[in-house]
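Here's the structure, in C-alpha cells; my notes come after.
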Protein chains: 2
Amino acid sequence: MARQATYRLGDLQLRIMRVLWDSAPASVADVQRQLGGDKLAYTTVATMLRKMEDRGLLRHCEQGRRFLYEPAVSAEDVTRSMADDLVDRLFEGSLSATVTHLLENREVSCQELARLERLIQQRKQGP
Amino acid sequence: MARQATYRLGDLQLRIMRVLWDSAPASVADVQRQLGGDKLAYTTVATMLRKMEDRGLLRHCEQGRRFLYEPAVSAEDVTRSMADDLVDRLFEGSLSATVTHLLENREVSCQELARLERLIQQRKQGP
DNA sequence: GCGGTAATACTACCACGGTAGTTCCGATCG
DNA sequence: CGATCGGAACTACCGTGGTAGTATTACCGC
C-alpha cells in the first residue's frame with residue numbers, strides 16, 4: 001500500500017463529509033438541509049462543496065442540471081489520517097502514550113474499561 | 001475546576017511550545033536555534049512568538065532589550081485540549097471508539113499491548 | 001417566446017497560520 | 001562622534017477555512 005495523503009479537515013468540512021458518507025449522492029440542497037437548514041446559506045454550502053472537490057475530497061456527477069455529490073475518500077481514510085496526525089504530532093507516534101493520556105484525562109465508565117480490555121485480549125490473539 | 005480554553009495549535013506553534021516547555025525562558029534567537037537553525041527566518045519566529053503571546057499561549061519579560069519568552073499554558077493543558085478536541089470531532093467523545101480505531105489501524109507491538117493491558121488493570125482498581 | 005425559478009459559477013470578504021522584508025532603536029566600538 | 005550591529009516592531013504577503021452576495025444559465029409553465 002503506497003503512502004497516502006494526510007487530510008486535515010475543518011469543522012464544516014468534516015460535517016459535510018459525514019453527511020455525504022451516510023447519504024450520498026446528495027445535491028447541494030440536500031447537504032444544506034442536513035447541515036441544519038438555514039444556519040448556513042445555500043451558496044456557502046455550494047462553495048464549500050466546490051472547494052472540497054478541488055481538493056479531491058469529493059466527486060460530483062450531473063443529473064440534469066443538478067449536481068450530485070459523493071465522497072471521493074472513505075471515512076476510514078480520513079479518520080485514520082486525522083488520528084495518526086494527532087498521535088504523531090502530540091505523542092511522537094506512541095500509541096500507548098496516547099491511550100495513557102486519554103485514560104488519565106477523561107472520565108471512563110466501567111463499561112468502557114471492560115470494552116477496552118476485551119479489545120486488547122482480542123488483539124493479542126489475532127496477528 | 002472551571003472550564004478551560006480549547007487550544008488548536010498549528011505545527012510551528014506546537015514546536016515552539018515544545019521548545020519553551022523544556023527550555024524556558026528563551027530568547028527569540030534561542031527558539032530559532034532550537035527550531036533547527038536557519039530553516040526559519042529569525043523574523044518568522046519572532047512574529048510567531050508575538051502572535052502566540054497575543055493569544056495567551058506565552059508570556060515574555062524583558063532582560064535589557066532582549067525578550068525572554070516562557071509558556072503561559074502547560075503542556076498538559078494543551079495536550080489534553082487537543083486530544084479531547086479530536087476525540088470529540090472524530091468519535092463523538094467516545095474513548096473506546098477512539099482506542100478501537102487506533103488499535104485497528106496502527107502497528108502495535110506486543111510490548112505496547114502489554115503496557116496497555118497493565119494500564120487498564122490499573123485503571124480498574126483506582127477510582 | 002416570456003418571465004419566473006432553481007440550480008451552479010464567479011467573486012469577494014474575513015480570520016488566521018505561516019513566511020518574510022523593512023524599519024527603528026539602543027548599545028558598542030573605532 | 002559616527003558607523004555598525006543585534007534585537008524587536010511593524011507591515012505585507014500567501015494559502016486556506018469559512019461565509020455569503022451577485023451573476024449566469026437552463027428549464028418549466030403559460
Side-chain angles (χ1 to χ4, degrees), chain A residues 5-20 25-70 73 78 81-82 85-86 89-90, chain B residues 5-20 25-70 73 78 81-82 85-86 89-90:
Chain A
T6 157
Y7 307 110
R8 229 181 264 186
L9 306 198
D11 286 335
L12 178 58
Q13 300 188 18
L14 202 52
R15 281 190 301 153
I16 288 178
M17 289 309 293
R18 262 196 264 277
V19 168
L20 291 181
S27 69
V28 179
D30 292 338
V31 175
Q32 191 224 2
R33 202 174 319 115
Q34 288 193 53
L35 240 35
D38 45 2
K39 289 199 250 313
L40 263 53
Y42 179 95
T43 51
T44 301
V45 178
T47 304
M48 208 58 221
L49 288 168
R50 191 169 44 74
K51 285 185 179 178
M52 287 169 74
E53 184 166 24
D54 288 345
R55 279 186 52 196
L57 294 167
L58 310 178
R59 264 190 298 269
H60 84 272
C61 59
E62 329 202 355
Q63 179 214 43
R65 52 231 114 277
R66 233 212 303 292
F67 276 23
L68 294 183
Y69 285 94
E70 60 180 17
V73 298
V78 170
S81 166
M82 290 181 68
D85 190 54
L86 187 94
R89 271 154 56 87
L90 242 46
Chain B
T6 159
Y7 307 112
R8 228 181 264 187
L9 305 197
D11 284 337
L12 179 56
Q13 301 189 15
L14 202 53
R15 281 190 310 163
I16 288 178
M17 289 310 293
R18 262 197 263 278
V19 168
L20 291 181
S27 69
V28 178
D30 292 338
V31 175
Q32 191 225 1
R33 203 174 318 116
Q34 288 194 53
L35 240 34
D38 45 1
K39 288 198 252 314
L40 262 52
Y42 178 94
T43 52
T44 302
V45 178
T47 304
M48 209 56 222
L49 287 167
R50 193 170 41 73
K51 286 185 180 178
M52 289 169 73
E53 184 166 23
D54 288 346
R55 279 185 51 196
L57 294 167
L58 309 177
R59 264 190 300 269
H60 84 271
C61 58
E62 328 202 357
Q63 180 213 44
R65 53 225 117 282
R66 231 210 307 289
F67 276 23
L68 294 183
Y69 285 93
E70 61 180 18
V73 297
V78 170
S81 167
M82 289 180 69
D85 189 54
L86 187 95
R89 269 155 59 86
L90 241 45

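Within every chain, numbering begins at 1; the chains are lettered A, B, ... in the order of the sequence lines, protein sequences first and strands thereafter. Computed from heavy atoms alone, side chains included, the values below leave out hydrogens, waters and symmetry copies. Keep in mind the model is a prediction, meaning the values are calculated, not measured.
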Let me have the donor-acceptor pairs involving side chains of residues 44-51 of chain A, under 3.5 Å, with sequence neighbours excluded, atom names and distances please.
residue	atom	partner	partner atom	Å
A:T47	OG1	A:T43	O	2.8

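With rounding to whole Å, A:R65 atom CZ is found 15 Å from D:dT24 atom C1'. Distance B:R33 CZ to D:dG7 C1': 13 Å, rounded to the nearest Å. Atom CZ of B:R50 and atom P of D:dA9 are 7 Å apart (whole Å). Distance, B:D11 CG to D:dG15 C1': 15 Å, rounded to whole Å.
Within the 4.5 Å cutoff, no side-chain heavy atoms of A:L86 are placed close to those of B:L90. The closest side-chain heavy-atom distance from B:I16 to B:L9 is not below 4.5 Å.
Across the interface with DNA chain D, nearest-nucleotide mapping of B:K51 and A:L12 shows B:K51 to be the residue nearer the 5′ end. Nearest-nucleotide positions on DNA chain C for A:F67 and A:R8 put A:F67 closer to the 5' end. Between B:L9 and A:A29, the residue anchored nearer the 5' end of DNA chain C, judged by the nucleotide with its closest heavy atom, is A:A29.
Residue A:L20 comes nearest to A:A26 through the heavy atom pair CD2-CB, 3.8 Å, listed as atom of the first residue, atom of the second, then distance. When all heavy atoms are compared, the tightest approach of A:R66 to A:S27 is CD-CB, 3.4 Å. Closest non-hydrogen pair, A:L68 versus A:Q63, comes out as CD1-CB, 3.9 Å.
Residue pairs meeting the ring pair (Phe, Tyr, Trp, His ring centres under 6.0 Å) criterion with at least one member in residues 39-64 of chain A, sequence neighbours excluded: A:H60-A:F67, A:H60-A:Y69.
Note that CG of B:L35 is 4.5 Å distant from CZ of B:R15, once rounded to the nearest 0.5 Å.
Contact annotation for B:T47: base contact, defined as any heavy-atom pair under 4.0 Å involving a base atom.
Not counting sequence neighbours, A:D54 has no partner by the salt bridge (charged side-chain N to carboxylate O under 4.0 Å, His left out) test. For the side chain to side chain contact (heavy atoms under 4.5 Å, CB included) test, residues two or more places apart in sequence or in another chain that qualify with A:R8 are A:D85, A:R89, B:D11. Take B:E70 and apply the salt bridge (charged side-chain N to carboxylate O under 4.0 Å, His left out) test, not counting sequence neighbours, and it matches B:R59. Contacts of B:R18 classified as salt bridge (charged side-chain N to carboxylate O under 4.0 Å, His left out), with partners at least two apart in sequence or in another chain: A:E92. Applying the salt bridge (charged side-chain N to carboxylate O under 4.0 Å, His left out) rule to A:R33 yields the partners A:D30; only residues at least two apart in sequence or on another chain are considered.
The nucleotide range of DNA chain C contacted by chain A, defined by atoms under 4.0 angstrom from heavy atoms of the protein and reported 5' to 3', is C:dA7 to C:dT11.
Each end of the helix from C:dG1-D:dC30 to C:dG30-D:dC1 gets its own axis from five base pairs, and the two axes differ in direction by 30°, given to 10 degrees.
DNA chain C is contacted by no residue of residues 53-63 of chain A, taking any non-hydrogen atom closer than 4.0 Å. Applying a 4.0 Å cut-off to non-hydrogen atoms, the residues of residues 39-46 of chain A that approach DNA chain D are A:L40, A:A41, A:T43, A:T44, listed by residue number.
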